[in-house]
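Only a predicted model underlies this, so the values are computations on that prediction, with no experimental measurement involved.
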Amino acid sequence: MQILYLALCCLWLLLQRTAVAAGSIKVQCGETAVLPCPTVAGGMHNYWAIGWYKVANESHEMGLIRRHENSTHVYSGTQREFLMDVQQSLVIPEVQPEDSGAYRCSLWARVGHFNQQADIILQISECSTLQSATLSRETLLLDSEQGSSVSPNSTCCWGKPVPVLATVLGLLAVNLGKGLLSLAFTLAIVVILKGKRRKKAGERF
């Protein structure tokens, strides 16, 4: 009789937490993932609380977020943002590859009903393409903000350095040219003045 009683107790405990087979959802990297809990399709009338967990293995669950009646709490130790919508779905904003894995929703039933749980697999696409595009956009924006300014240390847009001797010779040539022009102008003035004097002397005679 005791053996039958123990067997019935074990059966009742097993039925208290009926598991639903895992589903799968694939989400693009950087988008918001919404993981529905299939066991609440009929509503929360028979349950007093629901919790979401990330399953590392069959024996370990990491608590994420829990809703009791109208109060929602995030478990301490979570490393990112988790939300729960009005359909009791788990909402994960801007998913990354490390967010992929198995998630479990657990429901605690009121008296006279059974506890429920369901697993769902989240698959995240690779982020390499998105990250490359983001980096390219940031580079273009940075270049547009900097404009056409060039660093003095840059060698992309500067000519080859001019030798010192060539610089000195160039300065001497410029100064010599200015001197010759000044001398020519002075000689021209002297010739004009001499011509005027000769003309006046001729008029006297």
Tell me yes or no: between the side chains of S125 and Q28, is some donor less than 3.5 Å from an acceptor? yes

Applying side-chain contact (heavy atoms from CB on, under 4.5 Å) to A33 and not counting sequence neighbours gives V27, I92, V95, L122

Rounded to the nearest 0.5 Å, the CD1 atom of I121 sits from the CD1 atom of I25 at a distance of 10.5 Å

Value for CE (M62) from OG1 (T78), rounded to nearest 0.5 Å, stands at 8.0 Å

Applied to residues 34-87, the disulfide bond (SG atoms under 2.5 Å apart) test, sequence neighbours excluded, yields C37-C105

Sorted by chain and number, sequence neighbours left out, side-chain hydrogen bond (donor to acceptor under 3.5 Å, both in side chains) with E81 holds for none

Taken in chain and number order and not counting sequence neighbours, the residues that satisfy side-chain hydrogen bond (donor to acceptor under 3.5 Å, both in side chains) with T72 are R67

Across all chains, not counting sequence neighbours, the side-chain contact (heavy atoms from CB on, under 4.5 Å) partners of S89 are V34, P36, D85, Q87

Residue set satisfying side-chain hydrogen bond (donor to acceptor under 3.5 Å, both in side chains) with T32, at least two apart, ordered chain then number -> none

E69 meets the salt bridge (charged side-chain N to carboxylate O under 4.0 Å, His left out) criterion, sequence neighbours left out, with R110

The side-chain contact (heavy atoms from CB on, under 4.5 Å) partners of E94 (sequence neighbours excluded) come to none

Contacts satisfying disulfide bond (SG atoms under 2.5 Å apart) that involve residues 43-76 (not counting sequence neighbours) are none

side-chain contact (heavy atoms from CB on, under 4.5 Å) filter on N70, not counting sequence neighbours, yields none

Note: with side-chain heavy atoms under 4.5 Å as the link, the other cluster members for V191 come out as none

So the ring pair (Phe, Tyr, Trp, His ring centres under 6.0 Å) pairs with at least one residue in residues 67-96 (sequence neighbours excluded) are W48-H68, Y53-Y75

